[in-house]
Amino acid sequence: MLDLKIIRKNSDKIKEAIKNKNESVDLDKLLSLDIKHRKLQTELDSMRHKKNKVSEEIAQSKRDGKDEVEKIQQMKKVSQDIKRLEKEEKEINEEIKSMLVWIPNIPHNSVPVGKNSSFNKIIRETPREKPTFTFLPHWQLAEVNKLVDFRRGAKVSGTNFPCFTGMGARLERALINFMLDTHISNGYKEIFSPFLVNRNAMFGTGQLPKLEEDMYLVEKDDMFLNPTGEVPITNLYRDETIKDENLPLKLVGYTACFRREAGSYGKDTKGLQRVHQFNKVELVKITEPSTSYEELETLTQDAEKILKLLKLPYRVMLLSTGDLSFASAKTYDLEVWAPGSEKFFEVSSISNFEDFQARRANIRMKKTGKLVYSHTLNGSGLATPRTFIAILENYQQEDGSIRIPSALIPYMGGLEIIEEK
RNA sequence: GGAGAGGUGGCCGAGUUGGCUGAAGGCAACCGCCUGCUAAGCGGUUGAACCCUUAACCGGGUUCCGUGGGUUCAAAUCCCACCCUCUCCGCCA
């Protein structure tokens with residue numbers, strides 16, 4: 001959410017941001033409602049002022065033992081008028097608020113302007129080797145080595161609920177533990193959060209109201225299945241003022257993530273590319289405003305470190321305005337190369353939300369005695385399914401077996417090669 | 001699920017015969033004084049959001065005692081609904 005005061009003063013800039021992010025909000029309507037609202041509020045305030053003053057006088061008279069029949073009668077009328085105006089004020093205010101939550105965050109100056117992902121910019125890229133034999137895609141490798149049971153996963157849940165089995169399950173668990181350990185030793189504090197989150201949390205990080213359709217809702221309790229670790233972890237600090245000496249807060253947590261992926265059937269759904277339930281290790285930072293862009297760079301490097309240690313080829317993309325999420329001001333995507341699928345897969349989106357989430361979630365800090373909204377950032381470090389894909393496809397051998405990246409061997413109980421058994 | 005207790009400022013904690021309580025008292029923090037240093041002591045300051053005004057500071061005003069309604073000239077205080085926390089019992093693991 002943006003500050004209404006800032007919207008007033010920078011309406012042109014906001015309009016441009018809305019356009020560049022492919023959103024549509026009638027900002028002029030909002031601005032005229034705002035003017036109307038402020039006028040009403042000023043009027044109301046002066047009426048209340050009068051009411052308070054006269055009530056005070058009545059109280060004084062009562063104490064002196066005098067009756068103030070006329071004043072009471074007069075105030076009766078004023079109170080009614082106030083109530084009427086309050087109702088009107090409330091309605092307009094609600095309308096303003098409901099429009100405000102649909103205004104996206106403003107992209108940072110360094111973000112390339114463009115309609116869609118084709119305007120994204122490659123920031124850096126690691127070299128990749130040409131396959132020396134015919135590389136298989138991961139779903140074949142997973143099947144040959146019995147690592148994922150798609151059929152039985154679908155039986156107990158539904159399509160795109162993969163079930164990891166045997167060494168596949170072990171590899172999934174190894175990835176999670178390896179990532180957590182790496183980030184913890186890098187100064188992040190481990191969090192193991194709840195997986196069901198309430199509406200306030202979903203609103204706080206900006207998933208609601210825009211993305212409600214993409215979430216699993218437990219209707220009976222009006223709770224959502226966690227769509228990404230940023231929701232429970234960032235919202236841990238909702239409605240709190242964090243002591244500035246504790247900033248930046250660096251948090252890491254494993255979460256299972258659930259997404260409906262509504263409308264994406266048939267698109268990139270083969271194997272583990274796009275699934276309804278997956279695992280993720282999430283990095284969250286809460287920082288003071290002046291350092292958030294430096295923190296974005298180091299956060300990106302911290303996530304990248306996982307790919308480096310796993311020796312997977314990847315590239316870092318700077319998202320253009322059209323590809324930027326609703327709440328983000330600037331985002332880097334990490335894309336891992338999968339030679340069997342001959343595709344790059346997004347394994348992490350690292351974003352600076354500036355104070356957009358903090359304003360919604362009311363996360364503040366004291367800076368030289370003044371309360372300000374802190375900045376929030378997050379990024380996956382990493383999402384496992386596509387990392388899993390990349391390992392299978394990059395580490396496959398001609399006979400269909402898969403080598404284990406050296407960093408993961410200790411997490412695989414010393415196992416160096418996965419072979420069909 | 002049942003029974004009870006409770007939700008007040010950064011924290012603790014008064015305040016339920018409605019009015020002088022944005023809120024006593026304490027703690028913490030900050031500023032000053034005092035002291036050879038430390039501790040203690042003395043005086044003062046310290047909530048948030050919003051509106052008007054201002055280049056900004058200042059200033060003026062409104063709102064806020066879990067949330068939302070209601071009663072009243074007037075509500076932290078009375079009434080209704082809801083939410084949350086804690087304790088005990090039951091149930092499930």
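To find a chain, count down the sequence lines: A is the first, B the second, and so on, and within it residues start at 1.
Within the structure, a side-chain polar atom (N or O) of Lys83(A) is placed less than 4.0 Å from OP1 or OP2 of U71(B). Here Thr42(A) does not reach the OP1 or OP2 of G61(B): none of its side-chain N or O atoms lies under 4.0 Å away. Of the side-chain N and O atoms in Lys76(A), one or more sit less than 4.0 angstrom from OP1 or OP2 of C73(B). Contact annotation: Arg199(A) side-chain N/O to C83(B) OP1/OP2 distance is not under 4.0 Å. In terms of phosphate contacts, His49(A) brings a side-chain nitrogen or oxygen within less than 4.0 Å of OP1 or OP2 of U62(B). Under 4.0 angstrom from either OP1 or OP2 of G61(B) there lies no side-chain N or O belonging to Asn52(A). Listed pair Arg48(A) / G61(B) fails the phosphate criterion, with no side-chain N or O lying under 4.0 Å from OP1 or OP2.
Summarising the local packing, CD of Glu143(A) is surrounded by 12 or fewer heavy atoms from other residues, nucleotides or ligands at distances under 6.0 Å.
Distance noted for atom C1' between U63(B) and G6(B): 26 Å (whole Å). Spacing between U46(B) and U72(B) at atom P, rounded to whole Å, works out to 38 Å. Using C1' as the reference atom, G9(B) and A14(B) are 13 Å apart when rounded to the nearest Å. Rounded to whole Å, the separation between the C1' atoms of G13(B) and G26(B) comes to 8 Å. G32(B) and A24(B) have their P atoms separated by 26 Å, given to the nearest Å. For the P atom pair drawn from G18(B) and C27(B), the interatomic distance equals 33 Å after rounding to whole Å. Look at the P atom in both U35(B) and C64(B): the space between them is 49 Å, to the nearest Å. Distance noted for atom P between U77(B) and C65(B): 8 Å (whole Å).
Taking the six-membered ring wherever Trp is involved, the centroid distance between the rings of His108(A) and Tyr293(A) falls below 6.0 Å. Ring to ring, Phe388(A) and Phe164(A) are close: their centroids are under 6.0 angstrom apart.
Projected onto RNA chain B by closest heavy-atom contact, Gln73(A) and Arg38(A) fall at different nucleotides, the more 5' of which corresponds to Arg38(A).
One side chain, Thr298(A) or Lys285(A), offers a donor N or O that lies under 3.5 Å from an acceptor on the other. Side chains of Thr165(A) and Asp149(A): no donor on one and acceptor on the other come within 3.5 Å.
Nucleic acid contact for Arg359(A): none, since no nucleic acid atom lies under 4.0 Å from a heavy atom of the residue. At a threshold of 4.0 angstrom between heavy atoms, the contacts of Leu371(A) are confined to the sugar-phosphate backbone, with no base atom among them.
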**Prompt:** Reading RNA chain B 5' to 3', how would its secondary structure be written in dot-bracket notation, given Watson-Crick and G-U pairs with both distances under 3.5 Å, brackets [ ] for crossing pairs and | for partners on other strands?
**Reply:** ((((((((.[[[..)...(.....]]]((((((.......))))))((((((......)))))).[[[[[..)....]]]]])))))))....

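The CE atom of Met47(A) sits 16 Å away from the C1' atom of U63(B) (whole-angstrom rounding). In this structure, NZ of Lys39(A) is placed 15 Å from C1' of C52(B), rounded to the nearest angstrom. The CG-P distance, from Asp3(A) to A49(B), rounds to 11 Å in whole Å. At whole-Å resolution of the value, CG in Asp239(A) and P in G9(B) are 13 Å apart. In this structure, NZ of Lys77(A) is placed 14 Å from P of C73(B), rounded to the nearest angstrom. Between the NZ atom of Lys87(A) and the C1' atom of G70(B) there is a distance of 15 Å, rounded to whole Å. Atom CG in Asn200(A) sits about 12 Å away from atom C1' in C84(B), given to the nearest Å. In this entry the distance linking CG of Leu4(A) with P of A49(B) reads 15 Å, nearest Å.
The nucleotide whose nearest atom lies closest to any side-chain atom of Arg8(A) is, among C51(B), G19(B), C73(B), C51(B). Distance from the side chain of Lys5(A) is smallest for C50(B) among the nucleotides C50(B), A74(B), U62(B).
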**Message:** For a salt bridge (Lys or Arg N to Asp or Glu O under 4.0 Å) check, start with the C-alpha distance between Arg124(A) and Glu304(A), then their side-chain angles and the critical distance, and finish with the verdict.
**Reply:** CA-CA 11 Å; Arg124(A) 49 186 175 268; Glu304(A) 253 178 282; 2.6 Å; yes

**Request:** Kindly indicate, with the supporting measurements, whether the criterion salt bridge (Lys or Arg N to Asp or Glu O under 4.0 Å) is fulfilled by Lys330(A) and Glu354(A).
**Result:** CA-CA 9 Å; Lys330(A) 183 174 182 177; Glu354(A) 300 187 353; over 6 Å; no

**Request:** Test Leu334(A) against Phe345(A) for side-chain contact (heavy atoms from CB on, under 4.5 Å), laying out the working first.
**Result:** CA-CA 8 Å; Leu334(A) 301 187; Phe345(A) 288 116; over 6 Å; no

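A distance-only check finds a donor-acceptor pair linking the side chain of His276(A) to the backbone of Arg260(A) [under 3.5 Å].
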